[in-house]
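Note that the numbering runs from 1 along the sequence shown for the chain.
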Amino acid sequence: MSGKRPRPVRRQLVTFAVIGVINTATYYGFYLLFLIFLPYLAAHVFAFLLSMTGSFFLNARFTYRTRPTWRKFLLFPLTNAANFLITTTGVYVIVDVLHQGSRFAPLAASLAAVPVTFVVSRWVMSPARPAARESGKDADRDPEGPAVTDPAAGAVRDTGREAVQEIA
């Protein structure tokens, strides 16, 4: 193993995957709860919305180390739009076309959506878009100021252009 630090994208992908597992478990718990008194598609929609909210805060804090803002919160559903379409279509196909039952359908359907969700999530949660970096404009700078994590763990400063890890 080389002495180089892992690339930020690799770290983000691993963190995103771990949060995805937590999010999937949360979603699935809500789905099973709602399935008791709602049709499967309604249970899917409500569980999806609740778990997406939790996913936003977890990914802002741990994956992208950025301050959650209203702008990012309102854009975050874009990260799940493709996920929602893929999983909803998958659940429908598994249950109504393949007749495989509704209990495990969302877990199987979610696998195909993960790569698309990561790419869009990274785009939404990044401090600045690549085009803004090239033009020198801070297109997505947080008006509240820099995002800073626990200094004992290594501070992260969001400059509006890039997140800079400071090793303590």
Establish whether Phe104 and Phe34 are linked, either directly or via other cluster members, by ILVMFWY side-chain heavy-atom contacts under 4.5 Å.
no
Determine whether Phe16 and Thr117 make a side-chain contact, defined as any pair of heavy atoms from C-beta on separated by less than 4.5 Å.
yes
Answer yes or no: is there a side-chain heavy-atom contact under 4.5 Å between Gln12 and Met125?
no
Are Val14 and Tyr64 linked, directly or through intermediate hydrophobic residues, by side-chain heavy-atom contacts shorter than 4.5 Å (ILVMFWY only)?
no
Through direct or indirect side-chain contacts below 4.5 angstrom among Ile, Leu, Val, Met, Phe, Trp and Tyr, which residues connect to Ile22?
Val18, Ile19, Leu58, Phe62
What closest approach, in Å, do Ser121 and Thr79 show between heavy atoms, and which atom pair accounts for it?
CA-CG2, 3.1 Å
Do Leu85 and Met52 belong to the same hydrophobic cluster, where Ile, Leu, Val, Met, Phe, Trp and Tyr are linked whenever their side-chain heavy atoms lie under 4.5 Å apart, directly or via other members?
no
Ile36 and Tyr28: same hydrophobic cluster, using ILVMFWY side-chain contacts below 4.5 Å?
no
With a 4.5 Å heavy-atom cut-off, do Pro68 and Phe76 have their side chains touching?
no
Apply the hydrophobic cluster definition, ILVMFWY joined by side-chain contacts under 4.5 Å directly or through others, and give me every member besides Val21.
none
Shared hydrophobic cluster for Leu107 and Val91 (ILVMFWY, side-chain gaps under 4.5 Å):
yes
Arg11 backbone acceptor or donor facing Thr15 side chain under 3.5 Å
yes
Between CG on residue Leu13 and CZ on residue Arg122, distance to nearest 0.5 Å:
9.5 Å
Is the shortest heavy-atom distance from the side chain of Lys72 to the side chain of Thr66 under 4.5 Å?
yes
Donor-acceptor pairs under 3.5 Å, side chain of residues 37-50 to any protein atom, not counting sequence neighbours: which ones?
residue : atom : partner : partner atom : Å
Tyr40   : OH   : Asp96   : OD2          : 2.9
His44   : ND1  : Tyr27   : OH           : 2.7
His44   : NE2  : Thr88   : OG1          : 2.9

Check the surroundings of atom OH in Tyr92: do more than 12 heavy atoms from other residues, nucleotides or ligands lie under 6.0 Å from it?
no
Closest contact, heavy atoms only, Ala109 versus Thr87
CB-O, 3.6 Å
